[in-house]
**Student:** 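Submitted below is the structure of interest, expressed as C-alpha cells.
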2 protein chains.
Amino acid sequence: MSKQELEVVDQTGGCCPGLTSAPLDAEQAVDLAKVFKALGDPVRLRLLSMIASRDGGEVCVCEMTPAFELSQPTISHHLKLLRQAGLIDCERRGTWVYYWALPAALDRLASVLRAPLSAGATT
Amino acid sequence: MSKQELEVVDQTGGCCPGLTSAPLDAEQAVDLAKVFKALGDPVRLRLLSMIASRDGGEVCVCEMTPAFELSQPTISHHLKLLRQAGLIDCERRGTWVYYWALPAALDRLASVLRAPLSAGATT
DNA sequence: GCCATGGATCGAAGAACGTCAAGATAGAAG
DNA sequence: CTTCTATCTTGACGTTCTTCGATCCATGGC
C-alpha cells in the first residue's frame with residue numbers, strides 16, 4: 001500500500017488518539033461526529049457499502065439509484081453527504097458519474113474506535 | 001422465537017460482514033445506522049470517550065456533567081442514547097450512578113469499518 | 001442549432017433531534 | 001419521617017434531517 005505524502009500521523013487533528021486512549025477534546029469530537037453522522041443513516045450506509053465493496057472499481061450512480069425505493073434527488077443528496085464527510089469521491093465521465101470509496105477515511109474511523117490492543121487492566 | 005441461531009459473533013462470519021466486503025442488506029444497515037447515529041454527536045462522542053478511556057473503571061455522572069456547558073438533563077439524555085445503542089452500561093451505587101464502556105460494541109464497529117485485511121485491500 | 005438522458009440543485013413538508021426548565025425518583029443523613 | 005443531594009423523566013421549543021417534486025446543468029447524438 002502506498003503512503004500519502006504526509007508522514008506525520010496526526011494530520012487530521014483527530015486521527016490518532018482513539019476514543020479509548022484519552023478523552024476527546026471538543027474540537028476533535030466535532031470533527032469526528034460529522035463523519036459518524038454521515039454513517040448514521042441506513043441509506044448512506046448501504047450506499048457506502050455498495051461503493052466500498054468495489055474497492056478496485058467505481059460505481060455508477062445509475063447503478064445505485066434503482067437499488068433503493070427512493071427518488072433520484074434523495075440518492076444524490078445522500079451521496080453528497082458521504083462525499084462531504086470525506087468517505088467517497090466522484091468523477092463525471094461522459095454522461096455518467098462514478099463514485100469510489102476513500103479507504104483511508106474508513107481506516108481512520110476504525111482506528112478511532114478500536115481499543116488499543118493492550119487496553120484494559122494492564123496490571 | 002426471539003433470537004435466531006445467528007449467535008455467531010465472528011467478525012468475518014455472518015454477523016458483521018463489513019462495509020467493504022459486500023453490500024449491506026437493508027436490515028443490517030438499519031441496525032448499524034442506529035449505533036453510528038449514536039456516535040454522530042460531539043457531546044456523545046466525548047462522553048463515550050471519557051468513559052471508554054477508563055476501561056478499568058467506571059465514570060460517575062457527577063464527573064461528566066461539569067465537563068460540558070450543558071444542563072444535567074441533557075447529559076443524562078445523551079448517556080441514555082449511548083446506553084440504548086449498546087455502547088455503554090450503567091449501575092446505581094448509592095447516591096451516584098456509574099457508567100462503563102462495552103468494548104465489544106466498539107470492536108464490532110471497527111470491524112465493520114476496517115477493510116478486510118487479507119482480501120480486497122489491494123491499494 | 002435542438003432534443004434526450006443522467007445527475008445535481010432548489011424549495012418545501014413532515015419527522016427526528018438537541019436542549020432546557022420543571023417535576024419525579026432513589027438513596028443517605030439527620 | 002423529613003430533608004437533602006444526585007440523577008432520571010417529562011413536556012415543550014427551535015433546529016436539523018430526510019424526502020419529495022420541480023427545475024437546472026452537462027454531455028452526447030441528431
Side-chain angles (χ1 to χ4, degrees), chain A residues 24 26-27 29-51 57-101, chain B residues 24 26-27 29-51 57-85 87-100:
Chain A
L24 237 47
E27 201 174 340
V30 169
D31 180 53
L32 266 180
K34 287 178 187 166
V35 188
F36 281 123
K37 189 178 295 184
L39 296 176
D41 180 274
V43 175
R44 286 195 292 271
L45 270 183
R46 284 213 280 158
L47 284 169
L48 177 61
S49 176
M50 286 181 71
I51 299 170
E58 308 106 338
V59 183
C60 177
V61 173
C62 63
E63 202 173 340
M64 293 187 267
T65 304
F68 299 84
E69 303 203 345
L70 292 170
S71 68
Q72 177 269 322
T74 299
I75 299 298
S76 188
H77 170 68
H78 285 306
L79 288 171
K80 182 181 185 179
L81 292 185
L82 286 172
R83 190 155 47 87
Q84 288 176 336
L87 293 164
I88 61 177
D89 202 355
C90 68
E91 183 188 38
R92 172 165 219 130
R93 204 170 307 145
T95 309
W96 292 277
V97 176
Y98 294 87
Y99 281 79
W100 59 87
Chain B
L24 237 48
E27 201 173 341
V30 169
D31 180 51
L32 265 180
K34 287 176 186 165
V35 189
F36 282 123
K37 189 177 296 184
L39 296 176
D41 180 274
V43 175
R44 287 196 291 272
L45 270 183
R46 287 173 67 195
L47 284 169
L48 177 61
S49 176
M50 287 181 71
I51 299 170
E58 307 106 337
V59 183
C60 177
V61 173
C62 63
E63 204 172 340
M64 292 186 267
T65 303
F68 300 83
E69 302 203 346
L70 291 170
S71 68
Q72 179 275 320
T74 298
I75 300 298
S76 188
H77 170 67
H78 286 305
L79 288 170
K80 183 181 184 178
L81 291 185
L82 286 172
R83 189 154 48 85
Q84 288 175 337
L87 293 164
I88 60 176
D89 202 355
C90 68
E91 182 188 40
R92 172 166 219 128
R93 204 169 307 145
T95 308
W96 292 276
V97 177
Y98 294 88
Y99 283 80
W100 59 88

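All heavy atoms count here, side chains included; hydrogens, waters and symmetry mates do not. In the text below, chain A, chain B and the rest are named by the order of the sequence lines, each starting its count at 1.
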**Student:** Would you mind reading off the distance between A:Ile88 atom CD1 and C:dG7 atom P, rounded to a whole angstrom?
**Tutor:** 13 Å
**Student:** Judged by atom type as modelled, is there a donor-acceptor pair below 3.5 Å linking the side chain of B:Thr65 to the main-chain atoms of B:Val61?
**Tutor:** yes
**Student:** Counting heavy atoms from C-beta on, name the nucleotide in D:dT18, C:dG7, D:dT9 closest to the side chain of B:Ser76.
**Tutor:** D:dT9
**Student:** Can you tell me how far CG of B:Leu79 sits from CG of B:Leu48, rounded to the nearest 0.5 angstrom?
**Tutor:** 10.0 Å
**Student:** Measure CG/B:Leu81 against P/C:dA16 and give the value in whole Å, please.
**Tutor:** 14 Å
**Student:** Taking for each residue the nucleotide of DNA chain D bearing the nearest heavy atom, is the 5' side occupied by A:Glu69 or by B:Arg83?
**Tutor:** B:Arg83
**Student:** Give a yes/no answer on whether the side chain of B:Ser71 brings an N or O atom under 4.0 Å of OP1 or OP2 in C:dC20.
**Tutor:** yes
**Student:** In whole angstrom, what separates A:Leu82's CG from D:dC17's P?
**Tutor:** 14 Å
**Student:** Counting distance alone, no hydrogens or angles: does the base of D:dA6 have a donor or acceptor under 3.5 Å from a partner atom on the side chain of B:Gln72?
**Tutor:** no
**Student:** Heavy-atom count check: over 12 atoms from other residues, nucleotides or ligands less than 6.0 Å from A:Glu91 CD?
**Tutor:** yes
**Student:** Rounding to a whole Å, what distance do you find between A:Leu39:CG and D:dT18:P?
**Tutor:** 12 Å
**Student:** Send over the distance from A:Glu63 CD to C:dG6 P, rounded to a whole Å.
**Tutor:** 14 Å
**Student:** Of the nucleotides D:dT7, D:dT5, C:dA22, which has the atom closest to the B:Pro73 side chain?
**Tutor:** C:dA22
**Student:** Under 4.0 Å: is that the gap between some side-chain N or O of B:Lys80 and OP1 or OP2 of D:dC8?
**Tutor:** no
**Student:** Can any side-chain N or O of A:Arg44 pair as donor or acceptor with the backbone N or O of A:Arg46 at less than 3.5 Å?
**Tutor:** no
**Student:** Contact class for A:Leu70 vs. all strands (heavy atom < 4.0 Å): base, sugar-phosphate, or nothing?
**Tutor:** sugar-phosphate
**Student:** Taking atom C1' of D:dC8 as reference, at what distance in whole Å does atom CD of B:Glu91 sit?
**Tutor:** 16 Å
**Student:** With the side chain of B:Arg44 defined as its heavy atoms from C-beta on, choose the nearest nucleotide among C:dG6, C:dG18, D:dT19.
**Tutor:** C:dG18
**Student:** Over how many whole Å does the gap from A:Phe68 atom CZ to C:dG7 atom P extend?
**Tutor:** 14 Å
**Student:** At 4.0 Å (heavy atoms only), tell me whether B:Ile75 reaches a base, stays on the sugar-phosphate, or touches nothing.
**Tutor:** nothing
**Student:** Using a cut-off of less than 4.0 Å, is there contact between a side-chain N or O of B:Lys37 and OP1 or OP2 of C:dC17?
**Tutor:** yes
**Student:** Do the side-chain N or O atoms of B:Thr74 get closer than 4.0 angstrom to the phosphate oxygens (OP1, OP2) of C:dG18?
**Tutor:** no
**Student:** Quick check: do A:Leu82 and A:His78 have side-chain heavy atoms less than 4.5 Å from each other?
**Tutor:** no
**Student:** Evaluate B:Phe36 against A:Lys37 for side-chain contact (heavy atoms from CB on, under 4.5 Å), listing each step before the verdict.
**Tutor:** CA-CA 7 Å; B:Phe36 282 123; A:Lys37 189 178 295 184; over 6 Å; no
**Student:** Heavy atoms from C-beta onward define the side chain here; which of C:dG6, D:dT19, D:dT7 lies closest to that of B:Val97?
**Tutor:** D:dT7
**Student:** Send over the distance from A:His78 NE2 to C:dT9 C1', rounded to a whole Å.
**Tutor:** 15 Å
**Student:** For B:Tyr99, answer base if it contacts any base atom (sugar-phosphate contacts may also be present), sugar-phosphate if it contacts only those atoms, and nothing otherwise; contact means non-hydrogen atoms under 4.0 Å.
**Tutor:** sugar-phosphate
**Student:** Checking contacts here: which listed nucleotide (D:dT18, C:dA26, C:dG18) is nearest the side-chain heavy atoms of B:Arg92?
**Tutor:** C:dA26
**Student:** Please tell me if A:Arg93 has a side-chain N or O lying less than 4.0 Å from either OP1 or OP2 of C:dG6.
**Tutor:** no
